[in-house]
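Keep in mind that the numbers below use all heavy atoms, side chains included, and drop hydrogens, waters and symmetry copies. Order of the sequence lines fixes the chain letters, A, B, ..., with proteins taken first and strands second; residue numbering starts at 1 for each chain.
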Amino acid sequence: MRYLPLTPEDRTEMLARIGAPSVDALFADIPAAKLNPALADLPAHKTELAVERTLGALSARNVPAGSVPFFVGAGAYRHHVPATVDHLIQRSEFLTSYTPYQPEIAQGTLQYLFEFQTQVGELTGMEVANASMYDGSTAAAEAVLMAHRVTKRRKAVVAGNVHPHYRETIATLSRYADDAVVALSPVPQGGEDILSAIDGETSCVVVQSPDVFGNIVDLKPIAEKAHAAGALLIAVFTEVVSLGLIEPPGAQGADIVVGEGQSIGNPLTFGGPYVGLFATRQKYVRQMPGRLAGETVDASGKRGFVLTLSTREQHIRREKATSNICTNSGLCALAFTIHLTLLGETGLRKLARLNHANACKLADKLSAVPGVQVLNGAFFNEFTIRVPGKAADVIEKLAAKGVLGGVPYARLAPKAGLDDLILVAATEINTDEDRAAYEAALKEVLA
Amino acid sequence: MNREGRGATTPITTGGAAPHTFTGNRALELEEGLIFEIGRTDVTGVDIEDAGDFTPRLGGHERKADLGLPGLAEPEAMRHYVRLSRMNYGIDSGLFPLGSCTMKHNPRLNEKMARLPGFADVHPLQPVSTVQGALALIKELSRWLLSLTGMEAVAFTPKAGAHGELCGMMAIKAAHIANGQKRHIVLVPESAHGTNPATAALIGYEVKSIPARADGTVDPAAVKAALTPEVAALMLTNPNTCGLFERDVVEIAEAVHAAGAYFYADGANFNAILGKVKVGELGVDAMHINLHKTFSTPHGGGGPGAGPVVLSKALAPFAPVPAIVADGSGLKLVEDEGEAGAEQALGRMSAFHGQMGMFVRALAWMLSHGADGMKQASEDAVLSANYIRACLGDVMSVPFGERPAMHEALFDDAWLEGTGLSTLDIAKALIDEGYHPMTVYFPLVVHGAMLIEPTESESKASLDLFIGALRDLAFAAKAGEKERFLGAPHYAPRRRLDETRAARAPVLRWVKPQPLPEAAE
C-alpha cells in the first residue's frame, strides 16, 4: 500500500521491541468478539489510476458551472480566481500544517491570519475580526449567541429577507439552546418593516444586505432603533464582493458583521468548504467566538504573532467557552486573503463595479422578456425576477436548454408561498453571449 | 589555474558570533513585512476588464470612504506568501507527532480529485438533475462510513468535529423531546476534549464531570452512580485521550441505555480502530468523524475540516436536513424540515450540503486504502505508538503503562522532577531538533502531559530518529544542560513568543502608524 512505509520486517522487529506476540495483542482491550469485523462490502485498496477512474466517472456526471451560461448565486458565487491563489494554498507548509499552537514554527499561518483579520476589518468597516468561522450561516448563528451574551437577553429578531438557510441555521441552534427567535416574513420587493419588531426584550436584529432577493438595505435606521432598545444590530452579507462598492455595515452602525467569504478566492465546490467572516467592535472582543491572531514579540525582541485571548475558547474554558468551535476555515481564509491582496483596493473596486454592470445589463435583458418582471430597484450583482408559473419548472426547462438560470426562491423556502420568483446572479464571468443565451432560452421557455 | 571552473573559496573559519546582515535575513531565512507595509492601494495583481460607462443602481448606497486595502502585483504577492510559507512546519516537512490531531500524510491525489470540475465547479443550488454525480459521491462516502462503524445513518453536513458534536447532541436532545423527556445533565469524563463540555453547554446542558480511575479509563461504577433520570447523555472519547481503549465500553453503554440516556462517542481518535472494531457494536448512538484527521483531508493550518456524524437507529430519524434519497428518476435532496424523508429532522446545521471538497478527498483516501489498507493503517498507527512508548519508557515516565497504548503514547512530567525544566521546555527543544512538538498539557488528567501520535505515515527509520532525539533530550535534561531547553527554540524563525503580552494588550489588526505631530504638515 503506497502510503504505508512500514515493511513486514519492520513490524516484526517493532513487535519484538514492544514485547507483544502479535499486533492484535495491542488491541487486547477491545472485546475479542468484536475485534476485526468483516468488511466484505468494501473493496480492497486501489491504484492511483483506478481511483482517478472511479472519481472521474462521478465528476463527469455533474454539469460544471464553467461549461454553461451560469447565473446561480443565492449565497455562493462563481468568480474568477487567479491561478496564483490555488498554487499558493497548495504549498506544503500551508496545506499540511496544523492550527498554529506552536507559534515559533507557525509564523506563516499566524501572519496571514493577522493580515486576514485586518482585511476583514477594513472591508466590513469594523474594528476587529476573528481568524474565520466555518461559513456565513454558522457565523450568523454564532453572532446571535454572542449578542445574547453581550445583552444578557435571549430573543433575536431575524429579518424576513435573510437567506432562508441562514434563518434555519439560526433557528435550529436557538431552538436547542432554548433561545427565542422572531422570524419575520419575506418581502421580495424590499422595504420590510423590521423596526416594529424590536422591543425591550430584543437582544439583536439580524439583517442581510444585499438581502437574499438582492435588495440593498439601509441599515442606519435599524441600528438606531436597535441601539435605542438596548439591542445589537447583526449585519449579514452573502456576497463579500459587494463591499467593494456599497457602504460597509460598520459605517451604518452594525455591532457585529458576519458573512460568507467564499466569493473571494474560493471555488463553489457544491457548497463547502467556505469561509465565515466575523467582525465586531473592540469593546465586544472578549465575547467573540473563534480564534484570534495577535501581535507580540519574541525573546530577542523581534515582532511575531500568536493565537491570543484563548481564555474565550473551548480548549481552555471548556463549558464556559464563548463557542465550541475549534477547527475553522484556515486554508479558505488563506485563499481569501491571497486573492484580496492580489486585488487590493483598486482591483476590488473594479471587480465590484464590473459585477454590478453585468447585473444591470442582465436585468435589462431579462425584463424585456415578455411576462418577466424584475422586482428590485437597487441591487448589487443579484436580483429577483417574477415569472409566470412555477419558478422551479422554468429553471428545469432552462437547464434542459443548457442554461443554469438561477435559484427558485421556493427551493430555499418551500412554505413561503413564493413559487414564482427566481434569484438571478451575474458576475464578471458572464459574457454578452451568456446573457444573450439566457434571454433567448427564457423567451422560448415562457413562450 | 582554476581547472574546475569554480571560484576560489575563502578558507572556513570557526568560532565567533554569526555576522550581522543589512536586511535581517539569513540566507534562506527571509524576513517578510505585512502586506500593509509592503503593498499600496493603487497597485493590483489582477487585470480586470473595464466595466465601461453605465448608470449604477445602488440606490444611493455607494461606498464613500476608502477601503484601505493594499494590493500587490503578482510577483510581489507570490514572494510574500512563499516567504510566509517557509516560516511554517507541516507534515510534509517532517514527523508531526501532535497527539489527538492525527497528522498523517496528505496524498496529493486527493487534492487533484477535489479539483475536478465536476466537484470544484458545481454550485450547491444547481438543479439536482445536474449534480447527480456529486450526490452519488456523498452517498458512497456515507456507505463507507456506515460500513466502518456499523451504524444506521449519516448526518453529513457538519463542518468540523465540534460542529459534528453539536449535531449529535442536538439529535439526542431532539430524541428526548420526541419521547417527552426533560433531561438536563450530560456526563463528560474529565479526560475529554474541551469541545465536549463546550458543546453540551452550548445547547443548555449542565455538564457533570466523571473522574478517571487509576488506570486512566472510565470506571463503569462511576458512570452508573452518576446516571440519574436527569441525565440526557454520556459523551465518551474512545480510544480516550490518554491513548487507551475504554475496555468497559459495552458495559458503560448498556448502563447508559438502561437509564434512558444516549451514548455520544467523540470520534477524534477513530484512527486507532478503523477497520478493527465497529462502534455500532459497542452501543454508540452518535459519533462524529473528523475527515481531516482519520481520512487525511489536510488540516490546512487549522481547517477546513468536515465532521459527519454516524447515528444509531434510535437517533437516525433526527438527522438534520438536507438528506439524500433515491427515487425512480435518480438521487434527490430533501432540503426542508418536515418534508417526506425528514419528518423528524432536527433542523439545519448550516447553509447548503456540507463540505463537498473534503468528502472527495476522504473518499479518494478510502478508495486508495480499501478495507485491507485501512485496517493496516490503523494497526501501523497503533504499533508505532506502542513502539515509541516501549523505546522511551526507561527515560521518560509513562502513566497507565500497564495497558497497551492505542494510536498515541502518553507521558507525564514526573521524569523531569529536579531538572528545573517543564514539559514546555521539552516541546520547544524538539523544535530545534527539527520536529513539531507533541501535544502538551493535554489531557488534563496527568501532570505536564506529553501526548505523542506518530500515525501510520512514518517509516521505522523516521521513528527511530525521533526516538533518538527524545532520548538525547531526556539525557541532556537530566544532565542539567538547561540552556539547551530554556532558550529553545534557538533555530526557529522566532524565539519563544511573549503570549502574556499578546493577551494583556491585544493587537489584533494592523493599524496605520500615525505621523508625529511635527512631521504632520
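Residue A:Phe94 touches chain B through both its backbone and its side chain, counting heavy-atom pairs closer than 4.5 Å. Contact of A:Ala25 with chain B is made through the backbone alone, with heavy-atom distances under 4.5 Å. Contacts between A:Ala60 and chain B at a heavy-atom distance below 4.5 Å are absent for every atom of the residue. Within the 4.5 angstrom heavy-atom criterion, atoms from both the backbone and the side chain of B:Asn386 approach chain A. Neither the backbone nor the side chain of A:Arg317 comes within contact range of chain B; no heavy atoms are under 4.5 Å apart. Of the two parts of B:Pro117, the backbone and the side chain both hold a non-hydrogen atom closer than 4.5 Å to a non-hydrogen atom of chain A. With a threshold of 4.5 angstrom between heavy atoms, A:Leu348 approaches chain B through side-chain atoms but not through N, CA, C or O. Looking at A:Thr138, only its side chain comes within 4.5 Å of chain B, counting heavy atoms on both sides. Within the 4.5 angstrom heavy-atom criterion, only side-chain atoms of A:Arg78, from C-beta onward, approach chain B. Only the side chain of A:Leu334 has a heavy atom closer than 4.5 Å to any heavy atom of chain B. If you measure heavy-atom distances from A:Ser323 to chain B, the contacts under 4.5 Å come from the backbone alone. Only the side chain of A:Leu88 has a heavy atom closer than 4.5 Å to any heavy atom of chain B. Contact of A:Thr99 with chain B is made through backbone and side chain together, with heavy-atom distances under 4.5 Å.
Of the residues considered (A:Asp178, A:Leu123, A:Val306, A:Val128), A:Leu123 shows the highest number of contacts with chain B, using heavy-atom pairs under 4.5 Å. With chain A as partner, the option from B:Pro493, B:Cys101, B:Gly204 having the largest number of non-hydrogen pairs under 4.5 angstrom is B:Cys101. Note: A:Asn328 leads A:Leu351, A:Val407, A:Asn328 in heavy-atom pairs under 4.5 Å with chain B.
A:Arg353 and B:Asp50 are not joined by a salt bridge, as no carboxylate oxygen comes within less than 4.0 angstrom of a charged side-chain nitrogen. For the pair B:Arg86 and A:Glu93, the salt-bridge criterion is not met [side-chain N within less than 4.0 Å of a carboxylate O].
Atoms NZ and CD, on B:Lys428 and A:Gln102 in that order, are 4.0 Å from each other to the nearest 0.5 Å. For the atom pair OG1 (A:Thr269) and CE (B:Met356), the distance works out to 9.0 Å, reported to the nearest 0.5 Å.
For B:His163 and A:Tyr134, the distance between ring centers is under 6.0 angstrom. Between B:His61 and A:Phe380, the gap from one ring centroid to the other reaches at least 6.0 Å.
In this model, a donor atom of one side chain and an acceptor atom of the other lie less than 3.5 Å apart for A:Thr109 and B:Asn88. Between the side chains of A:Thr84 and B:Tyr81, no donor-acceptor pair of N or O atoms lies under 3.5 Å.
Ring geometry, A:Phe270 versus B:His353: the interplanar angle falls from 30° to 60°, so the pair is classed tilted.
Seen from the ring of A:Phe27, B:Lys276 counts as a face-on cation partner, given the 6.0 Å and 45° thresholds.
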